[in-house]
Amino acid sequence: MAGGHPAGGSAGLGELIEAGHGAALRADFQRFYGLDLADVWRGHLSPRRAWALAEHLPEESALAASLAGGPEHRGWTLQTHLLAHLLNAVRFADANNVRVNGGKLKRDPEPVKTPSTARKRPALDLTHHPLAVAL
C-alpha cells in the first residue's frame, strides 16, 4: 500500500470505496486501529489521516486481500506464497527423483493451491489519444 496516491485524502479514499474496498477498509480500521471509518464523515478523523493509516496497513489486512482480488487472498502474504511455491517445488523434485531412480509413484504430488494472482486490468483504450486520431 505504501507509495502514496497522488490525490491522497478524500479523493484516494473515495476511489477505494467506489472500487468496492470500503468494507475491507472499515474492517481494518476497526481491527488494527480501533477506529471507525465513518468518523471521516462525522468530522472526527481527517481524510488525509485516514489515507495515511490505510497506506500503512499490514499485508495481511482485509484491504490488501480485497485489492489482490477478494477474500480468498486473506492470509496470503508474500511469505506464504513463497512457502507454498517452495513446498510445491520440493514435492515435484522428490517425485522426479523417484522416477529417475526407477521408482513408481502411486499418484502425482498434489500442489498447494494458491489464490490466483492475476489482476484484472481494464483494456488500454487509445482511440481518443490525440496521436491516434486520423487527420
Side-chain angles (χ1 to χ4, degrees):
M1 293 280 318
H5 186 281
S10 55
L13 286 174
E15 286 180 19
L16 276 177
I17 293 167
E18 187 177 330
H21 306 296
L25 186 60
R26 188 170 190 181
D28 284 339
F29 269 45
Q30 183 67 47
R31 176 181 173 201
F32 293 107
Y33 304 125
L35 297 172
D36 187 358
L37 184 61
D39 285 343
V40 171
W41 289 271
R42 293 181 191 127
H44 302 297
L45 179 65
S46 74
R48 186 170 300 274
R49 180 167 181 237
W51 182 257
L53 292 171
E55 279 189 306
H56 297 287
L57 284 167
E59 64 178 306
E60 68 268 9
S61 68
L63 180 61
S66 182
L67 289 169
E72 67 274 7
H73 291 269
R74 280 201 188 118
W76 284 95
T77 63
L78 175 62
Q79 290 80 13
T80 53
H81 275 281
L82 291 174
L83 284 171
H85 290 297
L86 180 63
L87 182 57
N88 288 340
V90 168
R91 285 180 176 176
F92 286 101
D94 186 42
N96 286 335
N97 191 27
V98 169
R99 287 186 187 113
V100 165
N101 290 317
K104 300 240 182 219
L105 295 172
K106 291 181 183 178
R107 63 182 180 272
D108 285 333
E110 282 290 319
V112 174
K113 293 182 182 359
T114 60
S116 169
T117 56
R119 293 185 183 202
K120 296 176 185 169
R121 294 184 180 171
L124 183 60
D125 181 15
L126 296 175
T127 56
H128 300 293
H129 191 277
L131 297 176
V133 178
L135 298 174

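Not measured: the values here are computed from a predicted model.
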If you round to the nearest 0.5 Å, how far is [atom2] of [Y] from [atom1] of [X]?
X	Y	atom1	atom2	answer
Asn101	Asn96	CG	CG	11.0 Å
Leu63	Arg31	CG	CZ	12.0 Å
Leu13	Glu18	CG	CD	12.5 Å
Phe92	Glu110	CZ	CD	8.0 Å
Glu60	Thr80	CD	OG1	10.0 Å
Thr114	Asn88	OG1	CG	7.5 Å

Between the side chain of [X] and the main-chain N/O of [Y], is any donor-acceptor distance below 3.5 Å?
X	Y	value
Tyr33	Leu53	yes
Asn97	Ala93	no
Asp28	Ser61	no

Determine, using the 4.5 Å side-chain heavy-atom cutoff (strictly less than), whether Leu82 and Val90 are members of one ILVMFWY cluster.
no
With hydrophobic residues grouped by side-chain heavy-atom distances under 4.5 Å, do Trp76 and Leu57 end up in a single group?
no
Counting only heavy atoms not in Arg49, do more than 12 fall under 6.0 Å of its CZ?
no
For [X] and [Y], work out which heavy atoms get closest and say how close.
X	Y	value
Leu45	Ala50	CD2-CB, 4.0 Å
Leu25	Ala54	CD1-CB, 3.7 Å
Pro111	Arg91	C-NH1, 4.2 Å
Pro58	Ala64	O-CB, 4.3 Å
Ala24	Ser66	CB-CB, 3.9 Å
Pro47	Ser10	CB-N, 3.4 Å

Leu105 side chain near Arg99 side chain, heavy-atom distance below 4.5 Å
yes
Sequence neighbours excluded, which residues qualify as side chain to side chain contact (heavy atoms under 4.5 Å, CB included) partners of [X]?
X	result
Ala27	none
Glu59	Thr77, Leu78, Gln79
Arg42	Asp36, Ala38, Asp39, His44

The test is side chain to side chain contact (heavy atoms under 4.5 Å, CB included); show your working for His21 and Leu67 and say whether it passes.
CA-CA 7 Å; His21 306 296; Leu67 289 169; 3.5 Å; yes
